Number of protein chains: 2
Amino acid sequence: AARAVGATKIYGAGDTEVRALDAIDVSFEQGRFTAIMGPSGSGKSTLMHCMAGLDTVTGGQVFIGDTDLSTLSERDLTLLRRDHVGFVFQAFNLVPTLNAIENITLPMDLAGADGDPAWIDEVVDTTGLGDRVKHRPNELSGGQQQRVAVARALAGKPQIIFADEPTGNVDSNTGAEILDFMGRAVTEMGQTIVMVTHDAAVAARADRVVFLVDGKIVDELADPTP
Amino acid sequence: AARAVGATKIYGAGDTEVRALDAIDVSFEQGRFTAIMGPSGSGKSTLMHCMAGLDTVTGGQVFIGDTDLSTLSERDLTLLRRDHVGFVFQAFNLVPTLNAIENITLPMDLAGADGDPAWIDEVVDTTGLGDRVKHRPNELSGGQQQRVAVARALAGKPQIIFADEPTGNVDSNTGAEILDFMGRAVTEMGQTIVMVTHDAAVAARADRVVFLVDGKIVDELADPTP
Ligand SMILES: Nc1ncnc2c1ncn2[C@@H]1O[C@H](COP(=O)(O)OP(=O)(O)OP(=O)(O)O)[C@@H](O)[C@H]1O
Ligand SMILES: Nc1ncnc2c1ncn2[C@@H]1O[C@H](COP(=O)(O)OP(=O)(O)OP(=O)(O)O)[C@@H](O)[C@H]1O
Ligand SMILES: [Mg+2]
Ligand SMILES: [Mg+2]
């Protein structure tokens with residue numbers, strides 16, 4: 001569903017240069033749930049942003065399906081992301097002037113698409129927000145905002161979802177619900193999910209775990225739970 | 001060091017009313033490390049904000065030391081917070097135009113205080129940021145920003161620190177380092193720390209764990225690790 005070939009991302013130059021990604025080769029299979037783990041600063045968010053076309057690589061290539069993202073115009077990249085990619089940001093990035101339900105349907109509203117009403121209802125249901133979906137982000141708890149961010153990524157049934165620490169701010173019960181829901185999106189709808197996590201229990205639910213250190217992939221585990 | 005007496009916080013009114021805190025009585029002893037746990041939306045961040053004087057209670061009282069926060073003018077409340085209270089926000093809340101080291105020393109710079117240079121160096125060291133302390137928040141990873149937020153709260157050696165999920169965005173090694181450091185602030189400098197966490201392993205390091213559900217304290221554990 002998506003892959004990186006020799007992807008490198010360098011910030012700064014000279015002796016303040018940071019090699020956030022260092023010639024990464026990684027492939028994410030359609031219909032699979034992959035977890036990305038690694039120390040703070042190892043390049044996980046950078047990898048997510050580059051794979052989703054939110055940032056450009058300094059070297060190498062990134063593909064969504066068979067499309068090399070560097071061949072796309074700004075406009076076409078925006079359309080590809082809007083129609084095919086769901087993204088859960090580490091800092092949620094919700095629109096402060098819209099309420100939760102408006103935030104959740106925003107990508108589809110922008111696309112002029114109706115989405116699947118039954119699925120949208122189900123997605124909104126799983127946030128467990130009840131009537132709080134009529135509230136704006138600053139009236140919601142941190143974990144509630146995170147659930148809205150997850151729902152927004154799932155609502156449009158994108159081809160692939162990149163989730164940057166989607167359960168970092170919620171209690172374990174809520175985290176388990178979010179994971180169950182994402183897991184169902186994979187098994188029932190063939191969705192592809194790539195998820196950054198610091199939580200080994202979360203990674204254990206994935207089909208595969210990829211380990212990042214200093215911008216390189218250093219290890220991999222297939223089917224981490226016995 | 002701080003306590004709440006019958007503290008209630010109500011958002012909204014009528015049938016959209018949310019009782020974020022419901023007549024809470026809780027006391028935080030000087031020189032102790034208390035963890036606060038509870039489901040998403042149970043009132044943890046609200047309790048932290050009210051205890052630290054960042055928000056007002058609708059009913060009941062909040063004390064820092066012997067001072068009832070409702071008796072203070074806006075100005076005196078600001079001074080009390082600046083000189084005596086450290087706060088780690090769930091969403092970091094760093095100043096985007098200042099670099100990491102400037103963010104860390106900001107409370108002291110605003111107070112016109114020099115702080116303790118040896119302690120400040122040590123605090124900056126424990127962030128493990130190295131030369132990245134010269135970078136601004138948007139050039140740092142999520143976990144790096146969180147470490148800056150923690151360092152900022154500790155740098156001025158405040159009387160009491162309220163930390164809202166200070167390790168939610170970092171890997172377990174970094175989380176353990178942050179905890180060690182905060183633990184040392186308690187044992188070596190008699191600091192009082194009140195920390196919200198979703199992580200049982202983190203709560204296990206505390207002297208006491210308080211459980212919140214629907215704005216009420218429902219349980220307590222003293223010395224949770226055998
Ligand atoms: N400004 C506000 N207006 C209305 N409701 C609010 C406001 N701020 C918080 N709430 C509500 O108060 C309740 C408690 O919120 P709080 O942020 O304290 O929860 P929390 O325990 O920190 O949750 P989390 O673990 O998800 O961070 C939630 O139901 C939230 O939606
Ligand atoms: N805009 C930028 N300019 C300079 N350096 C940057 C920039 N963005 C990220 N970095 C650096 O790139 C490295 C990788 O950052 P990244 O955000 O990908 O880490 P991460 O693995 O997501 O960390 P965390 O677990 O803390 O969220 C870090 O050292 C970070 O400081
Ligand atoms: Mg990150
Ligand atoms: Mg909170």
Side-chain angles (χ1 to χ4, degrees), chain A residues 11-12 15-18 20 37-49 89-94 127-132 134-135 137-148 164-165 167-175 177-178 196-201 203 211-213 215, chain B residues 11-12 15-18 20 37-49 89-94 127-132 134-135 137-148 164-165 167-175 177-178 196-201 203 211-213 215:
Chain A
Y11 292 111
D15 29 297
T16 60
E17 175 180 293
V18 174
M37 297 188 86
S40 185
S42 54
K44 306 181 296 298
S45 296
T46 302
L47 179 62
M48 294 288 101
H49 280 72
F89 291 86
Q90 194 167 1
F92 323 146
N93 290 28
L94 300 176
T127 60
L129 284 170
D131 58 0
R132 306 209 57 64
K134 290 287 168 54
H135 287 257
N138 71 342
E139 294 169 334
L140 299 175
S141 76
Q144 290 167 342
Q145 291 177 43
Q146 186 150 46
R147 279 176 274 166
V148 173
D164 201 344
E165 312 227 22
T167 61
N169 277 283
V170 298
D171 56 275
S172 45
N173 286 340
T174 311
E177 286 168 26
I178 291 177
V196 170
T197 181
H198 281 304
D199 191 335
F211 295 87
L212 217 61
V213 174
Chain B
Y11 292 111
D15 27 294
T16 61
E17 175 181 292
V18 174
M37 296 188 85
S40 186
S42 55
K44 306 179 298 298
S45 295
T46 303
L47 178 62
M48 294 288 101
H49 280 72
F89 291 85
Q90 195 167 2
F92 322 147
N93 290 27
L94 299 176
T127 59
L129 284 170
D131 58 2
R132 307 209 55 65
K134 291 287 168 52
H135 287 255
N138 71 342
E139 295 169 333
L140 298 176
S141 77
Q144 288 167 344
Q145 291 176 44
Q146 188 151 46
R147 279 177 272 164
V148 172
D164 201 345
E165 312 228 22
T167 62
N169 277 284
V170 298
D171 56 274
S172 44
N173 286 340
T174 310
E177 286 168 24
I178 291 177
V196 169
T197 182
H198 281 306
D199 192 334
F211 296 87
L212 215 61
V213 174

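Keep in mind that this is a model prediction, so the values were computed, not measured. Order of the sequence lines fixes the chain letters, A, B, ..., with proteins taken first and strands second; residue numbering starts at 1 for each chain.
Once rounded to the nearest 0.5 Å, the distance linking CD1 of B/Ile178 with CG of B/Asn173 reads 11.5 Å.
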Given A/Val18 and B/Arg132, is the side chain to side chain contact (heavy atoms under 4.5 Å, CB included) satisfied, shown in steps?
CA-CA 10 Å; A/Val18 174; B/Arg132 307 209 55 65; 3.0 Å; yes
After noting the C-alpha distance and the side-chain angles of B/Thr16 and A/Asp131, does the key distance pass the side chain to side chain contact (heavy atoms under 4.5 Å, CB included) rule?
CA-CA 9 Å; B/Thr16 61; A/Asp131 58 0; over 6 Å; no
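What you find for A/Val196 and A/Met48 is that their closest heavy atoms are CG2-CG, 3.6 Å.
For residues 137-144 of chain B, heavy-atom neighbours of chain A at less than 4.5 Å comprise B/Ser141, B/Gly142, B/Gly143, B/Gln144, sorted by residue number.
One N or O on the side chain of A/Asp171 and one on the backbone of B/Ser40 form a donor-acceptor pair closer than 3.5 Å. Here the side chain of B/Asp164 pairs no donor or acceptor atom with the backbone of B/Phe89 at under 3.5 angstrom.
Counting heavy-atom pairs under 4.5 Å between each of B/Gly128, B/Gly175, B/Pro39 and chain A puts B/Pro39 at the top. Residue with the most contacts toward chain B among A/Gln146, A/Gln145, A/Gln90, A/Lys134: A/Gln90 (heavy-atom pairs, distance under 4.5 Å). Between chain A and the residues B/His135, B/Lys44, B/Arg147, B/Met37, the largest count of heavy-atom pairs under 4.5 Å involves B/Arg147.
Residue contact with chain B, scored on non-hydrogen atoms closer than 4.5 Å, is absent for A/Ser45. Looking at A/Asn169, both its backbone and its side chain come within 4.5 Å of chain B, counting heavy atoms on both sides.
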